[in-house]
Peer 1: 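Below: one structure in structure tokens.
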There are 2 protein chains.
Amino acid sequence: MPRNQPLMAPAPGSSAPAATTTATTLAEAIRIALAEDIIAGRLPPGSEIEEHQAAERFGASRTPVREALRELAAAGLVEIEPRRGVRVARLTLERLGEMFEVMAETEAMCARLATHRMSAPERFALQSVHERSAAAVADGDVPAYDALNREFHSALYRCTHNGFLAEHVQALRLRLAPFRRAQFHHADRLRDSFAEHAALLRAVLRGDGEAAAREMRAHMLAAGSSLASTLRPAG
Amino acid sequence: MPRNQPLMAPAPGSSAPAATTTATTLAEAIRIALAEDIIAGRLPPGSEIEEHQAAERFGASRTPVREALRELAAAGLVEIEPRRGVRVARLTLERLGEMFEVMAETEAMCARLATHRMSAPERFALQSVHERSAAAVADGDVPAYDALNREFHSALYRCTHNGFLAEHVQALRLRLAPFRRAQFHHADRLRDSFAEHAALLRAVLRGDGEAAAREMRAHMLAAGSSLASTLRPAG
DNA sequence: CACAGTATTTCTGTATGCACAATCCTCCGA
DNA sequence: TCGGAGGATTGTGCATACAGAAATACTGTG
């Protein structure tokens, strides 16, 4: 099935044999590398990307770099002004809020659908992820919790049994990633996030889709406002 | 504000001074032209697009054609298999169903948010669009109803007062467009669609967001299943 | 010293050329 | 007749070259 390739490598901290995981084409490799740079904050929002310089960095010509940049633009990670140049997407606070709302509503949708459709093994797996994240909270291990948080949400996406939806919301998440890096700076947020997951999980396990949606929406909005409070005016 | 350019020209049947509306760049013009061809069905799902031949058709070189194709791929209108070629996206029935579900849920989200946020003038405008579409139904004027249907939904998007959401759902709509061309073939579907809009509008006007969401979901699913019944196995 | 106008530089947009991968075709052998 | 090896062909991926727009530096004038 010649589906659309994902914008990034399978998982940012995956267990796969490091690099050369997927790179059928130079342009694709460059796209992945640039996306990682943007998401990791090495290319902060607003910074300019010059084609020639990027090409040099990757030991390639401008052609594949241009292709990579076009695709990143389509995904919303960079902005292209014709004949002016490319820069990493920089959002107004208003637009960031709008994106968070869409994210929250879409995740809520996932939670509701997943509640009604997930299988018993899936239920068990979700619970397991949540339990493992408890340890990370106890240790204050931010990177570990961050990874488990992603896994928790991804598991929920899969439980919708709607592959397109899963890809769709994952793309949204990717697009917001550059602005969520400070997500768990405060230990408070870590604990709150875990508690919200717990409430969500309870709703899911008792089969109350609407409640699950509400919990998820609240969870995402809490994350959003926590983020907003740590953000300087124009990220 | 250097936001992301839309994938297509403003409106397929707009009143703007025809061509040369927007075309800062050759690649962009080609992208728009190809998108229109795909959506209008002149390039049906599954058909191959050969770079050289497309370039010749537009009197350009392969370079801008390639860029256009990458962007179309990112939007999901075409599929690129590295070193194999490009073809207009062809969906399995399963995936089409998944996309319709996401579309339905997202439109429902829009309806709910719009209900709670729209202003009095917006309410009036939405009603006006609906009333105009009544005439199209009475005349059995399919193209007119099609246009008004789009306008009805677009108006609702705007009423969410969430610009990102509006763009987001519009992109979804665009992506499904190649598979919705047979939408109002049956006069029955025309009348049903109008009736569903009426029910939706009633819910919106009495401020019942949840009901509006339900009506919208039902409306979209009805459209989807009507479409499925007129579709050969692998569109 | 400020500023308008011009020259220069820089970088994007497009064209062209080359190399290699994928496919197709031919032809030979079982 | 069928299957497969090997070469020809087609078309993509990438590099390079060139033209023109935008940004910058420069110069002369008020």
Side-chain angles (χ1 to χ4, degrees), chain A residues 1-7 9 19-35 38 43 46-74 77-90, chain B residues 1-7 9 19-35 38 43 46-74 77-90:
Chain A
M1 256 298 101
R3 206 101 59 55
N4 263 338
Q5 64 297 78
L7 194 77
T20 67
T21 314
T22 45
T24 65
T25 238
L26 223 181
E28 192 182 345
I30 294 175
R31 171 171 52 80
I32 293 172
L34 285 177
I38 293 172
L43 287 173
S47 55
E48 295 178 1
I49 301 178
E50 204 252 300
E51 295 178 359
H52 184 71
Q53 153 192 330
E56 200 163 85
R57 173 184 153 199
F58 291 108
S61 80
R62 282 176 50 218
T63 310
V65 170
R66 277 179 70 83
E67 287 189 3
L69 289 174
R70 302 294 143 162
E71 291 173 26
L72 292 176
L77 285 183
V78 305
E79 293 164 350
I80 299 179
E81 290 182 87
R83 299 182 196 287
R84 297 285 304 273
V86 179
R87 60 177 56 209
V88 178
R90 175 169 50 183
Chain B
M1 262 293 107
R3 207 101 59 54
N4 263 337
Q5 67 288 85
L7 193 78
T20 69
T21 312
T22 45
T24 66
T25 239
L26 223 181
E28 192 182 345
I30 294 175
R31 170 172 50 81
I32 293 172
L34 285 177
I38 292 172
L43 286 174
S47 55
E48 295 178 2
I49 300 178
E50 204 252 300
E51 293 178 359
H52 184 70
Q53 153 193 331
E56 201 164 85
R57 171 182 154 202
F58 290 108
S61 79
R62 282 175 50 217
T63 310
V65 170
R66 276 178 72 84
E67 286 190 3
L69 288 174
R70 303 293 144 163
E71 292 174 25
L72 292 176
L77 285 184
V78 305
E79 293 164 350
I80 298 180
E81 291 181 85
R83 300 183 197 284
R84 298 283 305 273
V86 179
R87 60 178 56 209
V88 179
R90 176 169 49 186

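Small disclaimer: the values here were computed from a predicted structure and weren't measured. In what follows, every chain begins at residue 1, and chains take the letters A, B, ... in the order their sequences are listed.
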Peer 1: Take the protein atom CD1 of A:Ile30 and the nucleotide atom P of D:dG13, then report the distance between them rounded to whole Å.
Peer 2: 13 Å

Peer 1: Starting the side chain at C-beta, find the nucleotide from C:dT14, D:dG11, D:dT16 nearest to A:Ser61.
Peer 2: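 Looking only at heavy atoms from C-beta outward on A:Ser61, the closest nucleotide is D:dT16.
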
Peer 1: Starting from C1' on C:dG13, measure out to CZ on B:Phe58 and report it in whole angstrom.
Peer 2: 17 Å

Peer 1: Working to the nearest 0.5 angstrom, can you tell me the gap between A:Gln53 CD and A:Ile49 CD1?
Peer 2: 9.0 Å

Peer 1: Please check: side-chain N/O of A:Ser61 versus main-chain N/O of A:Thr63, any donor-acceptor pairing under 3.5 Å?
Peer 2: yes

Peer 1: Can you measure B:His52 atom NE2 to D:dT9 atom P for me and round it to whole angstrom units?
Peer 2: 17 Å

Peer 1: What's B:Thr25 touching, base or sugar-phosphate or nothing? Going by heavy atoms closer than 4.0 Å.
Peer 2: sugar-phosphate

Peer 1: Hey, what do you get for CD (B:Glu79) to CG (B:Leu72), rounding to the nearest 0.5 Å?
Peer 2: 12.5 Å

Peer 1: When the distance from CG of B:Leu26 to P of C:dG13 is rounded to whole Å, what number comes out?
Peer 2: 12 Å

Peer 1: Could you check how far CZ of A:Arg70 sits from P of C:dT14, rounded to whole Å?
Peer 2: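 Going from CZ in A:Arg70 over to P in C:dT14 covers 8 Å.
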
Peer 1: Mind calculating the distance between CG (A:Leu69) and P (C:dT14) to the nearest angstrom?
Peer 2: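 From A:Leu69 CG to C:dT14 P: 15 Å.
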
Peer 1: Tell me the interatomic distance from A:Glu81, atom CD, to D:dA23, atom P, rounded to whole angstroms.
Peer 2: 9 Å

Peer 1: Nearest whole Å is fine: how far is C:dG13 P from A:Ile80 CD1?
Peer 2: 7 Å

Peer 1: Taking the side chain of B:Arg66 as heavy atoms from C-beta outward, which of D:dA21, D:dC14, D:dG13 is closest to it?
Peer 2: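 Closest nucleotide to the B:Arg66 side chain: D:dG13.
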
Peer 1: Taking the minimum atom-to-atom distance to the side chain of B:Arg84, which one of C:dA22, C:dT14, D:dG13 wins?
Peer 2: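 The nucleotide sitting nearest to the side chain is C:dA22.
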
Peer 1: Can you tell me how far CZ of B:Arg66 sits from CD of B:Glu51, rounded to the nearest 0.5 angstrom?
Peer 2: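 That separation rounds to 4.5 Å.
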
Peer 1: Consider the side chain of B:Glu50, meaning its heavy atoms from C-beta on, and name the nucleotide among C:dT14, D:dG11, C:dA21 that approaches it most closely.
Peer 2: D:dG11

Peer 1: Ignoring hydrogens and geometry beyond distance, is the side chain of B:Arg62 in donor-acceptor contact with the base of D:dG13 at under 3.5 Å?
Peer 2: yes

Peer 1: Atom CZ in B:Arg70, atom CD1 in B:Ile80: separation rounded to 0.5 Å?
Peer 2: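 Answer for the CZ-CD1 pair, B:Arg70 versus B:Ile80, is 4.0 Å.
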
